[in-house]
Structure formats: structure tokens, C-alpha cells
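Hydrogens, waters and symmetry mates play no part in the numbers below; they use all other heavy atoms, side chains included. In the text below, chain A, chain B and the rest are named by the order of the sequence lines, each starting its count at 1.
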Amino acid sequence: MSWDAKDVALLKQLWADGQSAGQIASRLGYSRNAVSAKLKRLGHKRGHKPPTTSPKIVAVPTRRPALAAACGRPVDKVVSKPKQVPTPTKEFTKRELYAMLADAVRNTG
DNA sequence: CCCTGATTCGC
DNA sequence: GCGAATCAGG
């Protein structure tokens with residue numbers, strides 16, 4: 001068990017999204033304890049759980065390729081377009097993060 | 001009884 | 001730092 005960047009990223013995202021530790025833990029594949037503990041180490045502040053997400057404990061290894069690709073290293077399939085592709089693949093804006101997050105999340109069903 | 005998060009405890 | 005066990009509340 002080692003929290004990879006994507007793990008923590010997804011964790012944070014899901015957590016910020018309003019997902020409960022149990023949900024996040026389930027999708028991530030860890031126990032809610034691990035998630036809570038990890039969050040604690042990360043530096044989470046209590047008093048935060050307005051959206052009580054439905055306890056749909058449907059653990060599914062939703063490993064979205066898009067997410068993995070995004071988190072990993074994107075490709076540069078530039079064939080005949082030497083044009084300097086504006087790929088500031090440095091960080092993800094909230095929208096981008098939320099986009100892939102929502103996609104991965106909703107796809108869970 | 002189920003769930004929630006938070007903290008403690010051993011490795 | 002990691003996770004399980006445990007605690008405290010709803």
C-alpha cells in the first residue's frame with residue numbers, strides 16, 4: 001500500500017467533491033481507515049461534510065484510461081503537425097480535474 | 001443496525 | 001508513513 005500521486009490526487013478530489021471516506025476508500029481500493037488516516041496526514045480539517053453522499057458501496061476498480069493518461073504522461077501523437085501544440089500539461093485546473101473526476105465517478109455506475 | 005469522520009496504536 | 005483497530009457521534 002503506497003499512496004501514489006494519482007491516488008492522493010483522486011483521494012483529494014473525491015474528498016473535495018463531497019465523497020465520504022467510505023466511498024473514496026471503496027473506489028480507491030483501500031479501507032476507510034486508510035483514507036481517513038491519509039487525509040489526516042495530508043492536513044485535513046474537520047467540520048466538513050455538507051453533502052452526505054449516498055452510501056452506495058459499489059466497489060469498482062474504475063480505472064479510467066483518461067484519468068490514468070492525464071495523471072501519467074500524455075502522448076504527443078503529432079504526425080504531420082509540427083505546430084507547437086499548446087500542451088501545458090503541467091497541472092490541472094479545477095475544471096479539468098473536476099471533468100475527469102466526474103467522468104470517472106459517474107462512469108462508476 | 002447502518003453509516004460518518006478522527007484518533008490511536010503497532011509495524 | 002502505512003493501515004487496522006478503535007473511539008465518538010448521527
Side-chain angles (χ1 to χ4, degrees):
Chain A
M1 289 306 196
S2 46
W3 287 87
D4 201 357
K6 65 187 186 71
D7 292 315
V8 182
L10 191 60
L11 164 69
K12 287 180 175 178
Q13 277 299 258
L14 289 163
W15 181 255
D17 190 46
Q19 302 307 302
S20 38
Q23 293 292 272
I24 305 170
S26 298
R27 25 178 0 93
L28 269 295
Y30 307 124
S31 312
R32 48 186 298 282
N33 313 317
V35 173
S36 211
K38 183 59 185 177
L39 278 156
K40 186 187 170 69
R41 270 141 214 155
L42 288 168
H44 71 109
K45 48 178 174 295
R46 64 160 60 186
H48 175 300
K49 35 195 176 189
T52 35
T53 53
S54 304
K56 305 176 193 180
I57 309 299
V58 282
V60 54
T62 307
R63 280 309 202 268
R64 292 284 78 201
L67 188 77
C71 287
R73 270 296 172 233
V75 299
D76 300 291
K77 47 186 6 183
V78 46
V79 279
S80 53
K81 233 185 189 190
K83 184 189 288 186
Q84 58 175 232
V85 49
T87 312
T89 320
K90 300 156 68 178
E91 294 179 22
F92 304 104
T93 61
K94 293 186 70 175
R95 184 195 162 281
E96 294 176 297
L97 278 162
Y98 202 87
M100 62 186 200
L101 167 68
D103 187 56
V105 171
R106 78 169 61 137
N107 192 279
T108 306

Atom OH of A:Tyr30 and atom CG of A:Leu11: how far apart are they, to the nearest 0.5 Å?
-> 9.5 Å
Considering all heavy atoms of both residues, which atom of A:Gly22 and which atom of A:Ser26 are nearest to each other, and what is their separation?
-> O-OG, 2.7 Å
Reported CG-to-CH2 distance for the pair A:Leu28 and A:Trp15, which is rounded to 0.5 angstrom | 12.0 Å
For A:Ala37, what residues pass the side chain to side chain contact (heavy atoms under 4.5 Å, CB included) criterion, not counting sequence neighbours?
-> A:Arg41
Report yes if a side-chain nitrogen or oxygen of A:Lys40 is closer than 4.0 Å to either non-bridging phosphate oxygen (OP1 or OP2) of B:dT7; otherwise report no.
-> yes
Atom of A:Lys38, atom of A:Val8 and distance for their closest heavy-atom approach = CE-CG2, 4.0 Å
What's the CG-C1' distance between A:Leu11 and C:dC2, to the nearest Å?
-> 14 Å
Let me have a per-nucleotide readout for nucleotides 3-10 of chain C, 5' to 3', with B, S or -, counting only protein heavy atoms under 4.0 Å.
-> BBBB----
To the nearest Å, how far apart are A:Gln19 CD and B:dC3 P?
-> 16 Å
Once you round to the nearest 0.5 Å, how far does CG of A:Leu14 lie from CZ of A:Arg27?
-> 5.5 Å
Rounded to whole Å, CG of A:Leu39 lies from C1' of C:dG1 at a distance of 14 Å
